[in-house]
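Encoded as structure tokens, the structure appears first; notes follow it.
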Amino acid sequence: MAIANKNIIFVAGLGGIGLDTSREIVKSGPKNLVILDRIDNPAAIAELKAINPKVTVTFYPYDVTVSVAESTKLLKVIFDKLKTVDLLINGAGILDDYQIERTIAVNFAGTVNTTTAIMAFWDKRKGGPGGVIANICSVTGFNAIYQVPVYSASKAAALSFTNSLAKLAPITGVTAYSINPGITKTTLVHKFNSWLDVEPRVAELLLEHPTQTTLQCAQNFVKAIEANKNGAIWKLDLGRLDAIEWTKHWDSGI
């Protein structure tokens with residue numbers, strides 16, 4: 001079991017997909033669920049505690065755009081308290097191609113920085129026990145929503161980073177897989193800005209096509225966590241969970 005009796009850190013575990021996934025995780029009985037999020041939501045934390053009183057749910061304010069050093073300080077507090085962490089979920093994301101620098105900082109650099117920080121505690125070359133990382137990327141990392149190229153590119157970068165992490169597992173002891181939701185009914189997609197206003201109606205046009213609920217996405221997210229497959233590229237779309245076979249067009253050979 002990848003959730004039961006485990007210690008889990010969930011970055012951005014109070015958002016649309018994040019909160020429903022936190023609910024499903026708590027139902028599966030981890031020992032600790034530590035939520036790191038930019039915005040405090042005491043009501044949501046109280047709800048999570050009520051779902052399964054046997055699970056210890058804690059919250060720490062966290063902005064993924066801080067430095068690796070700042071992330072490491074917070075993680076040390078958590079590791080000192082829990083002694084061990086089994087799973088890190090990186091889930092922070094924004095969708096607004098007006099905010100170019102912040103989109104890259106949150107969607108890509110934040111994932112890299114938090115991952116880099118936890119390596120200080122997990123890397124087996126430093127005597128660490130290893131661990132598991134689940135990075136929330138996006139189907140736009142496969143094929144872009146071309147009207148939001150900054151967002152799409154940031155998610156493609158996060159996906160590429162995750163694929164590399166998985167291949168580095170024999171060296172670091174840290175396994176990784178990506179969670180790639182399709183269009184999901186969240187506040188993220190109700191209204192958002194396209195790059196240089198190339199398509200002001202992009203959100204409206206996108207929602208004319210079939211979508212999935214956050215609950216459907218969350219339930220499949222938990223299935224992916226339980227599968228615990230290093231290197232998996234999971235597509236969570238239209239209420240389905242599918243493993244994607246990545247096509248190799250080039251190989252470094254090293």
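Not measured: the values here are computed from a predicted model. For reference, positions follow the sequence shown, starting with 1.
- Judged by distance alone, with hydrogens and angles left aside, the side-chain atoms of N107 form a donor-acceptor pair with the main-chain N or O of I94 at under 3.5 Å.
- The main-chain N or O of K235 is never found under 3.5 Å from a side-chain atom of D242 such that the two would form a donor-acceptor pair.
- Note: I17 CD1 to N220 CG = 11.0 Å, rounded to the nearest 0.5 Å.
- Within a 6.0 Å radius of NZ in K124, other residues, nucleotides and ligands contribute more than 12 heavy atoms.
- Heavy-atom contacts from other residues, nucleotides or ligands closer than 6.0 Å to CG of N143 number 12 or fewer.
- Using a 4.5 Å cut-off between side-chain heavy atoms of Ile, Leu, Val, Met, Phe, Trp and Tyr, with links allowed through other members, L207 and V202 fall into the same hydrophobic cluster.
- Expressed to the nearest 0.5 Å, how far CD1 of I183 lies from CG of L238 amounts to 9.5 Å.
- No donor-acceptor pair under 3.5 Å is formed between the side chain of D86 and the backbone N or O of I8.
- Around OH of Y146, the count of heavy atoms belonging to other residues, nucleotides or ligands within 6.0 Å does not exceed 12.
- With rounding to the nearest 0.5 angstrom, the CG atom of D40 is 8.0 Å from the CG atom of L14.
- With 3.5 Å as the limit, one finds a donor-acceptor pair spanning the side chains of N135 and N90.
- E245 CD: 12 or fewer foreign heavy atoms inside a 6.0 Å radius.
- In this pair, F121 and F79 present their aromatic rings parallel. The plane angle is below 30°, not in the 30 to 60° band.
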